Amino acid sequence: MTHELKICDKGVKDLDEKGLVTFYFNAFDNVDSDNDMTKKGAFIKTITDNKGRIKHFKNHNIYLSPGVLKELGEDQSGGWARSQLILGTQLGRETYEEYKAGAITEHSFGYDVIKSVKNPQGYREITEFKLWEVSSLNAWGANQSTPMIDVKNEKQLIDELDKLTKLSKGDFTDEYLISIETKITEILRHLKTLRNTTIEPEPKPLNAIEYLQTNLKLLK
């Protein structure tokens, strides 16, 4: 069954050394790109009724669970979640390092709308959700269909490069490190197009980290 998804860029509230992370997954009183506004109280019933069944995923992938939700709630700003990252697994450790490096800055949630009203100004006010899952999103996009390469802001791309180089020093699987290097290569090529900067030679497979270190001065 397919559920609707929304992204929240309010970020992380707290992260401790034991991998307990607290983050917003929704913002109240903000008209989003779907022309929806979430009202305070929209998550109270679903948290009360379904708390034990709501999951913490990564990039909405039901096969990737980096943590176990310990608490869900609302404050004046939005809906928030507290999850214990599973540091005994590779996925949990990778996600923890991504949070520390600032590579995870956005979150999202899967939901069904239970109650809503049409505002006279044209947007939909949602007063009750059924919450299925909350997701940690990699900084280059919510999933493979929304990569960082679509971002046109140079500063965002350079910031992303800094985060990725920090991650490349972590204790990750070869597959994960290859994905980091691939993303670095994509961002560098995108920057080259934006700035018409000559960066030579082109990176070879698995050498994107060294390539970035050699050419980083050209991107400042």
Side-chain angles (χ1 to χ4, degrees), residues 1-15 20-86 91 95 98-99 102-153 156 160:
M1 183 176 181
T2 302
H3 306 295
E4 295 182 77
L5 307 175
K6 284 190 185 297
I7 296 175
C8 177
D9 62 1
K10 287 181 65 65
V12 179
K13 293 179 67 175
D14 186 54
L15 174 69
L20 188 65
V21 60
T22 306
F23 56 85
Y24 286 105
F25 60 85
N26 177 263
F28 294 148
D29 299 322
N30 173 61
V31 179
D32 63 25
S33 59
D34 297 320
N35 208 30
D36 291 336
M37 176 186 284
T38 301
K39 302 302 294 182
K40 191 175 187 304
F43 297 102
I44 291 177
K45 189 175 190 303
T46 191
I47 290 172
T48 301
D49 294 349
N50 305 302
K51 181 178 179 180
R53 293 181 57 82
I54 300 168
K55 304 297 184 181
H56 180 192
F57 294 147
K58 193 167 187 180
N59 297 330
H60 299 294
N61 187 327
I62 63 173
Y63 300 106
L64 298 178
S65 296
V68 177
L69 290 174
K70 296 299 183 180
E71 193 172 358
L72 290 159
E74 294 185 0
D75 59 20
Q76 294 301 315
S77 296
W80 57 267
R82 181 170 291 120
S83 180
Q84 176 62 61
L85 298 176
I86 309 170
L91 176 63
T95 304
E98 287 175 321
Y99 272 116
I104 295 179
T105 58
E106 296 185 356
H107 300 83
S108 182
F109 67 106
Y111 65 92
D112 291 326
V113 174
I114 304 300
K115 294 181 181 179
S116 66
V117 295
K118 192 74 171 180
N119 186 281
Q121 296 182 7
Y123 58 83
R124 181 174 61 163
E125 291 186 0
I126 300 176
T127 57
E128 185 182 338
F129 285 106
K130 182 169 185 178
L131 184 62
W132 294 98
E133 53 95 359
V134 296
S135 278
S136 302
L137 306 180
N138 288 109
W140 49 81
N143 52 52
Q144 292 181 348
S145 67
T146 57
M148 183 66 182
I149 202 69
D150 290 338
V151 177
K152 304 300 183 184
N153 184 289
Q156 285 180 292
E160 187 65 19

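Keep in mind that this is a model prediction, so the values were computed, not measured. Just the heavy atoms: all of them, side chains too, but no hydrogens, waters or symmetry mates, feed the values below.
Two rings, from His56 and Phe25, have their centers 6.0 Å or more apart.
Formation of a donor-acceptor pair under 3.5 Å by the Asn119 side chain with backbone atoms of Tyr123 is not found in this model. Under the 3.5 Å distance criterion, the side-chain polar atoms of Asp75 are matched with a main-chain donor or acceptor of Ser77. Remark: side-chain polar atoms of Glu98 are not paired, donor with acceptor, to backbone N or O of Ala103 under 3.5 angstrom. Side chain of Asn59 to main chain of Asn138: a donor-acceptor pair is present (N/O by atom type, distance under 3.5 Å, no hydrogens or angles). Under the 3.5 Å distance criterion, the side-chain polar atoms of Glu74 are matched with a main-chain donor or acceptor of Ala42.
With sequence neighbours excluded, the residues that form a side chain to side chain contact (heavy atoms under 4.5 Å, CB included) with Ile47 are Phe43, Leu72. In this structure, Lys70 has no salt bridge (charged side-chain N to carboxylate O under 4.0 Å, His left out) partners at least two apart in sequence or on a different chain. Listed by chain and number, the residues in a ring pair (Phe, Tyr, Trp, His ring centres under 6.0 Å) with Tyr99 are His107 (sequence neighbours excluded).
Within a 6.0 Å radius of NZ in Lys40, more than 12 heavy atoms belonging to other residues, nucleotides or ligands are found. Applying the 6.0 Å contact sphere to NZ of Lys115 captures no more than 12 heavy atoms from other residues, nucleotides or ligands.
Of the N and O atoms on the side chains of Ser135 and Glu133, at least one donor lies less than 3.5 Å from an acceptor on the other residue.
Looking at heavy atoms from C-beta onward, Ser108 lies in side-chain contact with His60 at the 4.5 angstrom threshold. No side-chain heavy atom of Asp34 sits less than 4.5 Å from a side-chain heavy atom of Glu4.
Under the salt bridge (Lys or Arg N to Asp or Glu O under 4.0 Å) rule, Glu71 has a single partner from Arg82, Lys51, Lys13, which is Arg82.
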